[in-house]
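Atom set for the values below is all heavy atoms of this structure, side chains included, hydrogens, waters and symmetry mates excluded. Just so we're on the same page: letters track the sequence lines, and every chain starts at 1. Since the structure is predicted, the reported quantities are computational estimates derived from the model, not experimental observations.
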2 protein chains.
Amino acid sequence: MNLASIYIKKLRNSGLRPTKQRIKICEVLFNTDKTFHFSINELSTLINSKYSQKISLATIYNTVHAFKDKGYLKQIPLNANQAYFDTNISDHHHFYDVNEKKLIDLDNSDVGPIKIYKKINGKKIKSVEVLVKLED
Amino acid sequence: MNLASIYIKKLRNSGLRPTKQRIKICEVLFNTDKTFHFSINELSTLINSKYSQKISLATIYNTVHAFKDKGYLKQIPLNANQAYFDTNISDHHHFYDVNEKKLIDLDNSDVGPIKIYKKINGKKIKSVEVLVKLED
DNA sequence: ACACAATTTAGAACCATTATAAACTATTAA
DNA sequence: TTAATAGTTTATAATGGTTCTAAATTGTGT
Ligand SMILES: [Mn+2]
Ligand SMILES: [Mn+2]
Ligand SMILES: [Zn+2]
Ligand SMILES: [Zn+2]
């Protein structure tokens, strides 16, 4: 079974039609053993340098949001003026190198267990994310 | 010694001229026992509802950035499409209630000690921030 | 092939933020 | 006191990431 057909299955299973554009985006995002972080613009450049047939920026926005909603991507709270996404959807944390302006994964095993003692009535914890800023 | 003169001293000590605008902004931000979180627009509304003489949005941006640079405010990585600031400059963490879209302080004592086992050569830790998302 | 809904796309709109540059003001030196 | 100067405020424009719009295209079930 080739790559494309795997992504077609994945898309169909998610209720998303397997269009040429979405399959290409899957190939760029998921056809690698390494996960990575990206902004929409970086992804757009990556995709459009890889293929001669361009994908519009609007489609890239649409698709990234769709994939995020389906849980195939995570958005990382970094509070820059642009959104950052992560193909690593496992429970993990981040270093942010403020000099290089680069995100680096911190596996869950790189961080000790995080205890939250405070409770808010009627609310439950959805996620716990640690951002460790690094400087020279 | 009255409030204004305290802020005048604070501003002078920071190399910032004590203008009417900056003193007012200090009063709104720091003249309270409770710390709080705000976006620039929320702060602008707060200030301009409290005083008849309005302060321009540009000045509020300038001043918030100056205060942040001086360490009188913290910016909170929330990755919304707007910046959030905190008058609580102590080392602490946050709950983010995704339903109410509200930030809640987590004192350092509300969170167990955070161990970071991974090291990056030549880099040192500048800050460690935990964001705990809450849902109903 | 056909009908229909989903998707793509270029371009416009949106909106938080930053830049500009002219008027104003705090400070310091005559 | 004034005068000179640098710092500040402000209205307004520009920027840039993101979302919206609506028309053209495409995927899917019949
Ligand atoms: Mn988004
Ligand atoms: Mn900012
Ligand atoms: Zn990551
Ligand atoms: Zn806080």
Report task. Ignoring backbone atoms, establish whether A/His65 has a side-chain N or O less than 4.0 Å from OP1 or OP2 of D/dT19. Result -> yes

Query raised in the report: Is the distance from OP1 or OP2 of D/dT18 to the nearest side-chain N or O of A/Tyr61 less than 4.0 Å?
Result: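 Looking at the OP1 and OP2 atoms of D/dT18, one of them is under 4.0 Å from a side-chain N or O of A/Tyr61.
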
Report task. Please name all residues satisfying side chain to side chain donor-acceptor pair (under 3.5 Å) with B/Ser127, sequence neighbours left out, ordered by chain then number. Result ->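 Partners of B/Ser127 under the side chain to side chain donor-acceptor pair (under 3.5 Å) test: none.
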
**Report entry** A/Ser5-A/Asn2 side chain donor-acceptor pair, cut-off 3.5 Å
**Finding:** yes

Report summary line: For B/Ile116, the hydrophobic cluster (side chain heavy atoms closer than 4.5 Å, chained through members) also holds A/Phe95, A/Ile104, A/Leu106, A/Val111, A/Ile114, A/Ile116, A/Ile120, A/Ile125, A/Val128, A/Val130, A/Val132, A/Leu134, B/Phe95, B/Ile104, B/Leu106, B/Val111, B/Ile114, B/Ile120, B/Ile125, B/Val128, B/Val130, B/Val132, B/Leu134

Cut-off 3.5 Å, no hydrogens considered: what does the side-chain donor-acceptor table look like for residues 40-47 of chain B, sequence neighbours left out?
unit_1, atom_1, unit_2, atom_2, d
B/Glu42, OE1, B/Ser39, N, 3.0
B/Thr45, OG1, B/Asn41, O, 3.0

Query - Residue pairs involving residues 14-30 of chain A (criterion side chain to side chain donor-acceptor pair (under 3.5 Å); sequence neighbours excluded) - result: A/Ser14-A/Tyr72, A/Glu27-A/Tyr51

Query - A/Ile8 CD1 - D/dT28 C1' separation (whole Å) - result: 13 Å

Please report, to 0.1 Å, the donor-acceptor pairs under 3.5 Å made by any side chain of residues 80-89 of chain B, with sequence neighbours excluded.
unit_1, atom_1, unit_2, atom_2, d
B/Gln82, NE2, B/Tyr84, OH, 2.9
B/Asp86, OD1, B/Asn88, N, 2.8
B/Asp86, OD2, B/His37, NE2, 3.0
B/Asp86, OD2, B/His92, NE2, 2.9
B/Asp86, OD2, B/His94, NE2, 2.9
B/Thr87, OG1, B/Phe36, N, 2.8
B/Thr87, OG1, B/Phe36, O, 3.4
B/Asn88, OD1, B/Ser90, N, 3.0
B/Asn88, OD1, B/Ser90, OG, 2.8
B/Asn88, ND2, B/Asp105, OD2, 2.8

Query raised in the report: Which pairs with one or both residues in residues 100-136 of chain A pass ring pair (Phe, Tyr, Trp, His ring centres under 6.0 Å), sequence neighbours excluded?
Result: none

Query raised in the report: Going by heavy atoms closer than 4.0 Å, what residues in residues 51-60 of chain A are next to DNA chain C?
Result: A/Lys54, A/Ile55, A/Ser56, A/Ala58, A/Thr59

Query raised in the report: Contacts to DNA chain D from residues 12-25 of chain A, heavy-atom cutoff under 4.0 Å, which residues?
Result: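 By residue number: A/Arg12, A/Arg17, A/Pro18.
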
**Report entry** Within residues 115-128 of chain B or reaching into it, pairs that qualify as salt bridge (charged side-chain N to carboxylate O under 4.0 Å, His left out) - sequence neighbours excluded
**Finding:**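 Sorted result for residues 115-128 of chain B: A/Asp97-B/Lys123, A/Glu100-B/Lys123, A/Asp136-B/Lys123.
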
